[in-house]
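Computed from heavy atoms alone, side chains included, the values below leave out hydrogens, waters and symmetry copies.
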Amino acid sequence: MRLGYKHDIQSDAIADRYWNNTVLPLLENGSLEHAINGTYAYPNRIGLYPGINCQFFCTFCGRNYNAKYSKSVADESFTTFQKVIDEDPKTGPWEDRFRISGGLEPLTNPHIGNIISYGNDRGFKMQMYTNGYALTPKFLDKQLGILDLEVMRVSLYGHNETSYANVTKNNKGYSRVVKNLKDFCKVIDTTDSNIKLGVNWIILPGHSGDLISVFEMIREINSVSNTKISFITLREDFSQSNNYISDIERDELHKTFCLIEQMCGRDNALTDLHIDYGYALHPVRHGFNTGPLKMATYNQLGKHGFPQIATAVDSIGSLYVYHETGFLERPGSERYIIGNTNENTAEEIVKNFLESGGIKPLPFDVGFLDAFDHTVTLLINESKEYIKQGLNWKEALEEKWKR
């Protein structure tokens, strides 16, 4: 069985996703043009990284397992993020500016509820990505601001006790997270919160068959209350392991996706679950094999990155260029700290950085880029190549990607 698609060209299965989700928004808000020209614009997205430590020791994580922030940092962190929120100029599509995530688990911050509520009260649609381990009813009683979130996405690291422990090195991970999600849904039932709850799952090579068990786990969680997990983001592993899903397994994945969608269509607990396949898996869902997403090489990294598009700030106010550099004491990441928001505004930091000589990329720096950073880096390089050819880069991008 092959799911249909309206275009004959296989690349179209990824082109419309790429255009509508990445290229067009960055063109419309002007941040892409500023990144290409090296001119100033306030960051389109700012990641807030409030985590103080983490309960998991995931095999793929880039964090320094021994690093954590002090209690004094935790006590003062609310003021740090309050300042960033207050200084936002609210230009462009500012409501979606902030994403709470980071190199450490955000729920370990004792002020996380206040940080969320503070942003929400000022008109921002606050979103948070978490491992969900601390999300107990007792914790929620102390952190009611979590109910002010627009979106919360919980990363899943296994589909049973064994797989969770293998990845996180925490033997309580699976049972604790599943119970927390069930209890959280029950709590939401008793409130007027409009929070949208979702989960994330990374498909590792050789493990596509685990997906069925993941959806069975979601079905179990969704069966206990009226509030349900409403979306799942499926992603291919984007680490630097160079271990990709094979062509044979991609064909099997297509069949698995068909089975999952059939499962969701006939099960009341899954009927309204939205499946987001992302760039790499969207073509597979439609029966096309376009391979893994391309990664940028270190010599494609610009000396100034693209802080006009995205940056991140941690609990001590360090402002980072790339998402995956925002890990406390991660070897080499300190090179990508371009200022401190407790000393200067984000506007001043970005302006000063763009006027400086920038940062000379090194080969291992590609490990500091997540999937979005790789995609944007390649997009900027592509646009600059069009300019060298004397083309209108905006029209060239539209001709290539828009369908």
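- We find that Glu398 and Lys394 are not joined by a salt bridge, their nearest charged nitrogen and carboxylate oxygen being 4.0 Å or further apart.
- A salt bridge between Asp267 and Arg219 is present, with a side-chain N of the basic residue lying under 4.0 Å from a carboxylate O of the acidic one.
- Between Asp365 and Arg335, at least one side-chain N (NZ, or NE/NH1/NH2) sits under 4.0 Å from a carboxylate O, which counts as a salt bridge.
- Paired with Gln55 under the rule side chain to side chain donor-acceptor pair (under 3.5 Å), one option of Thr168, Asn170, Asn131 passes, and it is Asn131.
- A cation-pi geometry, defined here as NZ or CZ lying under 6.0 Å from the six-membered ring centre and within 45° of its normal, holds between Arg176 and Tyr133.
- Other residues, nucleotides and ligands contribute more than 12 heavy atoms inside 6.0 Å of the NZ atom of Lys182.
- Not less than 6.0 angstrom separates the ring centroid of Tyr320 from the ring centroid of Tyr336.
- Ion pairing of Asp251 with Lys255 is absent here, as no side-chain N (NZ or NE/NH1/NH2) approaches a carboxylate O to less than 4.0 Å.
- Residues Lys90 and Glu95 are not paired through a salt bridge, judged by the lack of any N-O separation under 4.0 Å between the basic side chain and the carboxylate.
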(request) Let me see the working for Tyr174 and Tyr157 under ring pair (Phe, Tyr, Trp, His ring centres under 6.0 Å), right down to the final yes or no. (result) CA-CA 8 Å; Tyr174 174 79; Tyr157 299 110; over 10 Å; no

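- Few gaps surround NZ on Lys83; more than 12 heavy atoms of other groups in view lie less than 6.0 Å from it.
- For Tyr40 and His34, the gap between ring centers reaches or exceeds 6.0 Å.
- Sparse packing is recorded around CG of Asn194, with 12 or fewer heavy atoms of other residues, nucleotides or ligands lying under 6.0 Å away.
- Centroid-to-centroid, the aromatic rings of Phe364 and Tyr298 stay 6.0 Å apart or farther.
- Remark: Lys172 does not engage Glu161 in a salt bridge, criterion side-chain N to carboxylate O under 4.0 Å.
- Around CG of Asp75, the count of heavy atoms belonging to other residues, nucleotides or ligands within 6.0 Å exceeds 12.
- No cation-pi contact links Arg63 to Phe327, judged by a cut-off of 6.0 Å to the six-membered ring centre and 45° from its axis.
- Cation-pi geometry between Arg122 and Tyr118 is met: the NZ or CZ atom falls under 6.0 Å from the ring centre, inside 45° of the normal.
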